Amino acid sequence: MSTVIDQAVQARLIASAPQDRAVPAQLRYQRSDPFAVHIAFPPGASLDGADVQWGFARELLACGLNSPAGGGDVHVWPCGPDRTVLEFHAREGVAMVQIDTVELRRFLARSYALVPAGSETGHLDLDGDLAALLREA
């Protein structure tokens, strides 16, 4: 069984301009980082033309599908029955995207099949992570 889940989704970038625009995004979940999900956007989605990647708690995404969740840099909330808003705060500003809730639920279901909720700590390699930190020091 694979230890990484990648899922392409279509995000709608919510802009202050008159029209929102669709941008591709890639969701990722890794067994080796069991508490986090990651989303990546291509260079065309950013103001500076660089790839943009965000990592945040899998639990935050799951909670945000049903009610507003988050604090700090990432917020997630339902937007009607079919869409979910992800809001990202950075030094440069705030970006908001909408993604089909069905796609997010499918991604989460696949992640829970790989690492069930509550079993995340059993998938951490604390000894290996500590050894890597000590090598870098």
Side-chain angles (χ1 to χ4, degrees):
M1 175 183 259
S2 175
T3 62
V4 177
I5 296 169
D6 282 312
Q7 181 175 319
V9 294
Q10 191 71 357
R12 179 149 303 278
L13 183 61
I14 302 168
S16 58
Q19 286 191 332
D20 299 339
R21 63 184 173 114
V23 295
Q26 187 77 21
L27 293 166
R28 174 171 271 218
Y29 180 79
Q30 301 176 91
R31 185 183 295 175
S32 62
D33 190 7
F35 289 103
V37 295
H38 300 268
I39 187 165
F41 299 96
S46 70
L47 294 175
D48 63 0
D51 288 332
V52 177
Q53 297 185 30
W54 286 86
F56 53 96
R58 177 171 71 163
E59 184 177 1
L60 170 62
L61 181 59
C63 291
L65 296 178
N66 300 311
S67 62
D73 294 344
V74 180
H75 301 253
V76 181
W77 68 88
C79 183
D82 301 326
R83 307 288 279 170
T84 300
V85 173
L86 283 74
E87 180 180 84
F88 304 101
H89 294 251
R91 215 180 35 220
E92 300 81 12
V94 176
M96 292 176 24
V97 297
Q98 287 183 344
I99 299 176
D100 285 339
T101 302
V102 169
E103 291 293 325
L104 294 173
R105 287 189 192 283
R106 184 168 55 116
F107 173 75
L108 282 172
R110 293 174 64 208
S111 80
Y112 290 130
L114 186 62
V115 177
S119 72
E120 293 90 351
T121 56
H123 295 274
L124 294 174
D125 179 12
L126 297 177
D127 291 335
D129 292 342
L130 180 57
L133 283 173
L134 292 173
R135 279 192 305 273
E136 292 173 10

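Computed from a predicted model, the values in this text were never measured in an experiment.
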Under the side-chain hydrogen bond (donor to acceptor under 3.5 Å, both in side chains) test, residues paired with Arg28 that sit two or more places apart: Asp6
Contacts of Pro24 that satisfy side-chain contact (heavy atoms from CB on, under 4.5 Å) - sequence neighbours left out: Gln10, Pro42
Candidate pair Leu104 and Leu27, rule side-chain contact (heavy atoms from CB on, under 4.5 Å), full reasoning: CA-CA 9 Å; Leu104 294 173; Leu27 293 166; 3.8 Å; yes
Closest approach of Ile5 to Arg110 (non-hydrogen atoms, all atoms of both residues): CD1-O, 3.1 Å
ring-ring contact (aromatic ring centres under 6.0 Å, His included) partners of Phe107, counting only residues at least two apart: none
Residue list, side-chain contact (heavy atoms from CB on, under 4.5 Å) with Val94, at least two apart or on another chain: Glu87, His89, Met96
For the student: nearest non-hydrogen atoms of Ala11 and Phe41, plus distance: CB-CE2, 4.2 Å
Qualifying residue, where the test is side-chain contact (heavy atoms from CB on, under 4.5 Å) with Ile99 and the options are Thr84, Val9, Val85: Val9
Residues which pass salt bridge (charged side-chain N to carboxylate O under 4.0 Å, His left out) with Glu103, listed by chain and number, not counting sequence neighbours: Arg106
Any side-chain heavy-atom pair of Leu86 and Phe56 under 4.5 Å: yes
Non-neighbouring partners of Ala90 that pass side-chain contact (heavy atoms from CB on, under 4.5 Å), sequence neighbours left out: Trp54, Glu92
Derivation of the side-chain contact (heavy atoms from CB on, under 4.5 Å) call for Phe88 and Val52: CA-CA 11 Å; Phe88 304 101; Val52 177; over 6 Å; no
Show me, pair by pair, the donor-acceptor contacts under 3.5 angstrom made by side chains of residues 72-83, not counting sequence neighbours?
residue: His75; atom: NE2; partner: Gly72; partner atom: O; Å: 3.2
residue: Arg83; atom: NH1; partner: Asp100; partner atom: OD1; Å: 2.4
residue: Arg83; atom: NH2; partner: Gln98; partner atom: O; Å: 3.4

Side-chain atoms of residues 58-68: list all donor-acceptor pairs with protein atoms under 3.5 Å, sequence neighbours left out, distances to 0.1 Å.
residue: Arg58; atom: NH1; partner: Tyr29; partner atom: OH; Å: 3.4
residue: Arg58; atom: NH1; partner: Ser111; partner atom: O; Å: 3.1
residue: Arg58; atom: NH1; partner: Ser111; partner atom: OG; Å: 3.2
residue: Arg58; atom: NH1; partner: Val115; partner atom: O; Å: 3.0
residue: Arg58; atom: NH2; partner: Val115; partner atom: O; Å: 3.0
residue: Arg58; atom: NH2; partner: Glu120; partner atom: OE2; Å: 2.7
residue: Asn66; atom: OD1; partner: Arg105; partner atom: NH2; Å: 3.3

